[in-house]
Amino acid sequence: MNIHIKGGRLIDPANQIDSLTDLFISNGRIASVGSAPDNFIVDQVIDASNKIVCPGLIDMCAHAREPGPAQKGSIRTESMAAVAGGITTMVTPPTTSPIVDSPAVAKLIKDRCIEAGKITIHPMGALTKALEGEQLAPMHALASSGCIAFTNSRQAVANSLVLTRCLEYAATHDLLVIFQAQDASLAQGGCMHDDSTCTRLGLNGIPESAETVEVARGLLLTEQTGVRAHFGQLSCERSVRMITEAQERGLPVTADVSIQNLLLTDENVNGFNNNFHLIPPLRSQLDRAGLIQGLLGGTIQAICSDHQPHESAAKEAPFADTEPGMIGLETLLSLSLWLVDQEMLDLPQLIEKLTLAPATILGLDEGNLAVGRTADICIFDPEEEWTLTPESSHSRGKNTPFMGHPLKGRVTNTLHQGHIVYSAT
Amino acid sequence: MLEHTDPSQVQLTKDGELKHFITTEHLSREMLTEILDTADSFVDLGAKQVKKVPLLRGKTVVNLFFEASTRTLSTFELAAKRLSADVLNLNISTSSTSKGETLKDTLMTLHAMHSDMFVVRHSSSGAAHFIAEHVTPDVAVINAGDGRHAHPTQAMLDMLTIRQAKGAFAPLSVAIVGDILHSRVARSQIHALRTLGVEDIRVIAPNTLLPRHIESLGVKVYTDMQQGIKDVDVVMMLRLQKERMNSALLPSESEFYKLYGLTMDKLALAKPDAVVMHPGPINRGVEIASSVADCDRSLILDQVTNGIAVRMAVMSMAMSGQTKSRSDLNGTEV
């Protein structure tokens, strides 16, 4: 199928392109930029005038819940939500049920993803068996079955010697390790940032040290073992500073942050709104400012959704008894555009953090619209205002505080491997 | 980016009357005073031959206790009966939840039985708030203690006891001593004391039993009891749960008693006419010496008596506000 994307503003940070130009797609790949290639017979034209055309977004952390409880979501439903948000590649954590600690589970996820036929999913594999922090997971076999990186999720490996061995083994095979830094004992029983709001509400707090202690240990052991390491979904200003210092010393570590931690703070928990029960928790204004600074200064390269769909019952209980997390695939782009609205970033810079930067961290070819590359494309109207409603959202989870909230910037078309997988109605 | 709601607004009608009683935080001084004045009018009722008034006649009050309690449950039951309500006591910790029923389902079932008021105790902070906002907003919800968040009727009975003993609130120095971290009582007391005009509120505890930034609630923090108790008018002790010893918060009961237990020696540092309070049940020799608990400056039994009057006050006020708010709603439907 030959597609002509006509009249849009093409923003392709990988090739420093930001201009009004056409894009031609053939056989799932970029055939030409600017003018049509010779003998190009158009099957379909997409009118992109007044719209932005950019690489499909790459989400470094989103839960699809499969295999696992179907009432929370499936690869089919969450893929649909992803493309409605312009996302064409997502990385899923190993905390499925069963856990991604055997090649069969990784293969199942890849197969289901192909069946759904909307996006590319790269599962993260478990760093240790059953995420129990005792024995190494079969990382090499998992990588051969499609795992793109390895993490022990938010259940930090308690035994530092075991963690060191994991990092050494990953380094042997040049595998990427992702720290979703949280010390289990310091975070135990906690459900929000440990500060004055937490004290007033009488909730169990998660101190910054739950994250910073693990970031510090992770940085030191990364340096010792020479593993490729990435820090996912940071929440603390102090973590950003430690990673900046390590990068300045020449340690090639990278980091991402979820859009919610860039926009919201622990004060939002006032009123016991269960949609603000998140792990990592929303933190202070100071932390939020530090994360934004880290993003602008380059310590943090990528923005992710940290999408976590839940059935309604999981959120219908007193605050601490609810399951943490919010959905975010469909709102990632709109919410991120706030950073452009506030003139913290320009549009190409933002798009880079949602496409090229995660691709570079993960070692993917996507996030680049050069001729010959895979045609994963997001087309959006940056000015269109819209509202996410429970009826219109595609994710099986409806758990987000942004439900019903006016949003700006809407995806109109998403292409995955040259196929139109989403068109706004 | 997103606005957050004031949690206390849930408990007021649009005219500012009480329709639930969930927290003392953000209630006006007038509202707290009204609760105390109403409670005062019920205090003498207990001594009369006929102890009942008909304010809740024909209403059904359900005491829903998801956490074990003896005195709070029995004073709520007595309060409801003295208001002539029909009372149902449910100890949920041993029934539905062990069968896997959710809190919401339990509440919806009781709602379908046309209950008029839920008195709720739950181990999770925000439970009463959750029920009032999301489950049964048309049933008056009285918070009988939610996690570490609030225990507003306990705080108000303490305020009534202080007012009876001391008259005015403004000139007082009040010390709250013990396990502040886990205490819903302390949080509700602090909010009520501040609103009623007490400027010198002190909390006294080791760092392991102090929540982070407790000073943001408007209190002074002391880790040394001798300093903290100096010249105070009121000493409010908190119960120390035995399980705190097992969670590395304290080395031993005896060390806690030595440093933070209220003894006659330590009480001597307070004002000569200082009074002693405790929400009960007391751990003699852990947080308070028997000689102090039983002395004439101890108001512990007055607190129990006042507990019934305060609970009658908030139950009658909330039922009245809830009834008005319901008829307002019905009025708009017509």
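Labels below follow one simple rule: chain letters A, B, ... track the order of the sequence lines, proteins then strands, and each chain is numbered from 1.
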**Prompt:** Are A:Phe272 and B:His149 an aromatic pair by the rule of ring centers under 6.0 Å?
**Reply:** yes

**Donor-acceptor side-chain pairing of A:Asn261 and A:Ser235 below 3.5 angstrom** = no

**Request:** With sequence neighbours excluded, give me every salt bridge (charged side-chain N to carboxylate O under 4.0 Å, His left out) pair touching residues 139-158 of chain B.
**Result:** none

**Message:** Can a donor-acceptor pair be found, under 3.5 Å and without considering hydrogens, that links the side chain of A:Ser392 to the backbone of A:Leu388?
**Reply:** no

**Message:** Strictly by salt bridge (charged side-chain N to carboxylate O under 4.0 Å, His left out), give each pair with a member in residues 333-345 of chain A just once, sequence neighbours left out.
**Reply:** A:Asp341-A:Lys408

**Prompt:** Does NZ or CZ of B:Arg121 lie under 6.0 Å from the centre of the six-membered ring of B:Phe65, at an angle within 45° of the ring axis?
**Reply:** no

**Asked** With side chains defined as the heavy atoms from C-beta onward, is the minimum distance between A:Pro406 and A:Glu385 less than 4.5 Å?
**Response** no

**Message:** Strictly less than 4.5 Å between heavy atoms, which residues of residues 196-214 of chain B line up against chain A? Please order them by number.
**Reply:** B:Pro211, B:Arg212, B:His213, B:Ile214

**Item:** Distance (rounded to the nearest 0.5 Å) between A:Trp338 CH2 and A:Ile259 CD1
**Value:** 8.5 Å

**Toward chain B, the part of A:Asp194 with a non-hydrogen atom under 4.5 Å** = both

**Request:** Hey, could you give me the OG1/CZ distance between A:Thr265 and A:Arg283, rounded to the nearest 0.5 Å?
**Result:** 12.5 Å

**Item:** Greater than 12 external heavy atoms within 6.0 Å of A:Gln188's CD
**Value:** no

**Contact origin within B:Ser216 toward chain A - heavy atom pairs under 4.5 Å** = side chain

**Request:** Count the heavy-atom pairs under 4.5 Å between each of B:His182, B:Lys104, B:His122 and chain A, then report the option with the highest count.
**Result:** B:Lys104

**Request:** Salt-bridge test for A:Glu208 and A:Arg241: reply yes if a basic N is under 4.0 Å from a carboxylate O, no otherwise.
**Result:** no

**Pair A:Ser185, A:Asp183: side-chain N/O donor-acceptor within cut-off below 3.5 Å** = yes

**Message:** Can you tell me which of B:Ala150, B:Gly147, B:Gly126, B:Ala128 forms the most heavy-atom pairs within a distance under 4.5 Å of chain A?
**Reply:** B:Gly126

**Request:** Under 4.5 Å, heavy atom to heavy atom: which of residues 310-326 of chain A reach chain B? Give them by number, or say none.
**Result:** A:Glu316, A:Ala317, A:Pro318, A:Phe319, A:Asp321

**Prompt:** Is chain A contacted by the side chain of B:Arg187, its backbone, both, or neither, given a heavy-atom distance below 4.5 Å?
**Reply:** side chain

